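Worksheet: one structure, shown below.
Every chain is numbered from 1 and lettered A, B, ... according to where its sequence line falls, protein lines coming before strand lines. Remember, predicted model here, so these are calculated numbers, not experimental data.
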There are 2 protein chains.
Amino acid sequence: MDQQDDKPSGQGRKPITARELAQLIGVSQSAVSRAFTPGASVSPKMRERILTFARELDYQPNAIASMLSKRRTNIVGIVVSDMENPFYPALIERLSRELQKIGLQSLMFNVTKGSNIEDQLMALRQYNVDAVVIVSATILSAATLDWATENRTAVLVNRTIPDSKLTSVCCHNSEGASAIADHFYELGHKRVAYVAGLAHTSTNMERQGAFITRIAELGLTLAANLDGTEYSYESGYNSALAIAAKGSVDAIFFANDILAAGGLDALRDEAGLRVPEDIAVAGFDDIAMASWPHYSLTTFRQPINQIVAATVKIIRTGSAQPGRPAKTHLISGELKVRKSTIGTALT
Amino acid sequence: MDQQDDKPSGQGRKPITARELAQLIGVSQSAVSRAFTPGASVSPKMRERILTFARELDYQPNAIASMLSKRRTNIVGIVVSDMENPFYPALIERLSRELQKIGLQSLMFNVTKGSNIEDQLMALRQYNVDAVVIVSATILSAATLDWATENRTAVLVNRTIPDSKLTSVCCHNSEGASAIADHFYELGHKRVAYVAGLAHTSTNMERQGAFITRIAELGLTLAANLDGTEYSYESGYNSALAIAAKGSVDAIFFANDILAAGGLDALRDEAGLRVPEDIAVAGFDDIAMASWPHYSLTTFRQPINQIVAATVKIIRTGSAQPGRPAKTHLISGELKVRKSTIGTALT
DNA sequence: CGTATGCTTGCATCCGGATGCAATGTAGAT
DNA sequence: ATCTACATTGCATCCGGATGCAAGCATACG
């Protein structure tokens with residue numbers, strides 16, 4: 001019953017502070033602070049002495065206090081939503097790793113249809129993150145975003161928003177969609193189809209627009225143009241079946257690889273068609289699965305490394321701060337031709 | 001050239017503080033603080049008045065300052081590493097969403113083989129996160145972990161560490177592996193195989209151990225027991241080919257679904273076997289892909305919702321703080337029987 | 001009508017570092 | 001040897017809220 005000697009739910013002993021350390025060494029707290037600040041005005045011997053003691057006494061500067069006085073958090077807020085599509089985990093993992101390399105941590109903000117987005121984003125402001133990266137395709141109005149990212153560096157990744165003043169980094173979607181169209185043309189396909197992802201997203205609209213335009217230029221027929229409500233395997237599966245049922249389509253361009261994967265399986269396993277002999281299939285993104293032997297999917301590769309590099313550079317140089325003109329950085333991708341459009345049939 | 005009127009790299013105007021707000025309204029700063037603190041001692045009218053003005057003037061409490069004085073960050077550090085396996089993104093997304101519901105944000109710490117793990121974890125301590133969740137299978141010694149999580153709530157998810165005093169939440173791996181063994185037995189298989197994931201991980205060892213034990217109890221033959229160096233599609237693919245080459249195996253249990261997916265594709269597309277007629281296949285996790293028609297993979301489902309719920313509860317109640325006895329929470333899973341072990345052949 | 005009880009509110013101070021400025025010390029110049 | 005210039009170090013204060021304590025005030029009760 002007597003637990004008065006230690007807090008029942010306490011956090012153990014609390015860490016040593018700069019002032020305590022300073023007192024133990026017999027220097028001022030400022031000296032300690034400076035010893036831990038690269039480039040600060042301290043003599044090498046003083047710094048050495050302090051760092052030695054610090055190591056010994058297990059002192060580490062409190063990041064929170066530092067944030068408060070420096071008015072800088074070294075934290076980047078990442079707004080995400082579509083973690084079902086492997087492209088995003090891959091992107092986010094790489095991004096957060098690269099940010100860590102330059103001393104920035106990643107605070108994740110999941111926004112989902114179910115939740116109140118404004119509430120979620122409210123936290124973004126309160127935490128005073130140094131920068132915000134938005135990799136979510138979820139509907140966010142330009143106004144909401146401008147509010148949430150007010151006065152701080154902000155980057156949209158893999159999407160653009162027409163009326164927003166935000167900088168964005170995107171794969172060159174229209175280039176990619178055109179490349180797919182060209183590829184279909186070169187293979188001699190005449191009647192092609194497009195299967196959309198989430199309809200209103202910029203990625204979908206750009207890919208769809210460029211594909212249809214290029215198809216027309218090449219004199220091919222757009223035999224089907226399916227609306228989409230999501231970027232999912234199931235959606236691709238069902239769309240492919242619908243197209244197969246109508247018949248007379250040579251090749252399908254799916255708005256991304258997940259859709260294409262669903263489509264491929266539907267065409268082969270359920271519709272009984274041979275890919276690519278009976279019908280060719282292409283996707284977009286080049287997620288890991290696309291190169292699996294089973295899928296071997298022709299797709300337009302989004303260069304994640306370059307996208308991340310561009311994003312990190314923008315954050316590092318602060319070239320996306322309010323007042324700066326918004327800029328859209330288009331990253332070139334690369335057509336990866338695999339067996340879903342050429343070569344021998346699978347299975 | 002003349003940009004002297006505003007800071008070139010500045011963050012725009014800075015937000016209003018509690019003191020400023022208080023002065024404008026004519027109350028004390030403490031009143032403002034209390035108005036934003038649920039349960040604090042303020043009259044309803046006072047709170048109302050302050051909140052109204054706050055809304056009007058776009059005041060929001062600075063979370064950093066709050067952390068410093070409350071000695072509480074409302075941030076949970078999540079240590080991750082294996083984002084290639086879809087199971088983890090799914091888990092993390094759900095976890096971070098549930099945490100958000102109770103007002104906690106997620107700070108991601110990616111640890112990778114390439115990077116110095118101790119350096120990464122150093123940040124964990126500096127940020128004073130309220131709790132740490134480790135969902136990484138990467139090698140972390142008990143000592144490293146104890147140091148990184150010293151004095152704070154810490155939970156291991158989907159793994160255990162023998163000599164560590166950390167609480168963990170795991171799917172009941174041995175139950176699952178036994179269930180798979182029973183399932184193989186009931187189907188009449190005699191010669192079965194195990195394909196390992198990352199060898200030293202607790203998940204792999206538990207699944208392997210229980211499977212082999214149960215197999216022996218049932219009088220089945222362990223015809224192959226392949227070591228593994230990673231949980232990847234390619235690894236599963238190659239292992240399956242090795243087993244197919246040896247021949248005379250009725251059923252394979254892969255340590256997880258990604259391995260099983262690779263294995264399935266290899267057996268069907270490359271080895272030319274029918275699944276499940278010639279050989280049955282089972283996995284573990286029940287990732288989204290497992291239920292795709294193409295794979296239709298029999299697997300032991302890890303109940304992500306329950307795992308997350310248990311984890312969140314531990315964090316919420318603080319039942320994993322230093323001093324408390326470490327406990328391993330075993331969550332029961334469920335065998336999902338699909339076409340990779342029963343029914344008609346696919347393709 | 002005086003006083004006890006409790007609720008509100010403000011004051012002062014703390015959380016742990018960062019930093020401008022002044023004080024001190026040292027070396028180099030004359 | 002004297003003075004100037006610069007490198008170090010410490011002091012005091014600030015960052016923006018949280019909170020213990022005491023003063024202020026209203027309601028309740030005798």
| message | Under 4.0 Å, heavy atoms only, any strand: does Met67(B) hit a base, just the sugar-phosphate, or nothing? | response | nothing
| query | So, Ser164(A) side chain and Thr160(A) main chain: donor-acceptor pair closer than 3.5 Å or not? | reply | no
| message | What's Thr17(A) touching, base or sugar-phosphate or nothing? Going by heavy atoms closer than 4.0 Å. | response | sugar-phosphate
| How is Ser43(B) classified with respect to the nucleic acid when contacts are heavy atoms under 4.0 Å: base, sugar-phosphate, or nothing? | sugar-phosphate
| said: Using a heavy-atom cut-off of 4.0 Å across all strands, would you classify Ser41(A) as base, sugar-phosphate, or nothing? | reply: base
| note | Contacts of Leu68(B) and Gln29(B) projected onto DNA chain C by closest heavy atom; the upstream (5') one is Gln29(B)
| request: List the atom of Gln100(A), the atom of Met108(B), and the distance in Å for their closest heavy-atom pair. | output: NE2-O, 3.8 Å
| message | Using a heavy-atom cut-off of 4.0 Å across all strands, would you classify Ser66(A) as base, sugar-phosphate, or nothing? | response | sugar-phosphate
| Sidechain-backbone polar pair: Thr153(A) side chain, Ala131(A) backbone, donor-acceptor under 3.5 Å | no
| said: Can you measure Lys45(A) atom NZ to dG25(C) atom P for me and round it to whole angstrom units? | reply: 15 Å
| message | Of all nucleotides in DNA chain D that come within under 4.0 Å of a heavy atom of chain A, which is furthest toward the 5' end and which toward the 3' end? | response | dT8(D) to dG16(D)
| task | May I ask you to say what Val27(A) touches in the nucleic acid, namely base, sugar-phosphate or nothing, with a heavy-atom cut-off under 4.0 Å? | result | sugar-phosphate
| task | Give me the one residue out of Val132(B), Leu107(B), Asn110(B), Leu95(B) that meets side chain to side chain contact (heavy atoms under 4.5 Å, CB included) with Ile78(B). | result | Leu95(B)
| query | NA contact type, Ser30(A), heavy-atom cut-off 4.0 Å: base, sugar-phosphate, or nothing? | reply | base
| Are any side-chain N or O atoms of Asp130(A) and backbone N or O atoms of Thr73(A), one a donor and one an acceptor, separated by less than 3.5 Å? | yes
| How long is the line joining CD of Glu48(B) and P of dT9(C), in whole Å? | 13 Å
| Any Lys/Arg nitrogen of Lys101(A) or Glu98(A) sitting under 4.0 Å from an Asp/Glu carboxylate oxygen of the other? | yes
| query | 5'-most contact on DNA chain D: Val42(A) or Lys70(B), nearest heavy atom basis? | reply | Val42(A)
| request: Taking atom CD of Glu20(A) as the centre, report whether more than 12 heavy atoms of other residues, nucleotides or ligands fall under 6.0 Å from it. | output: yes
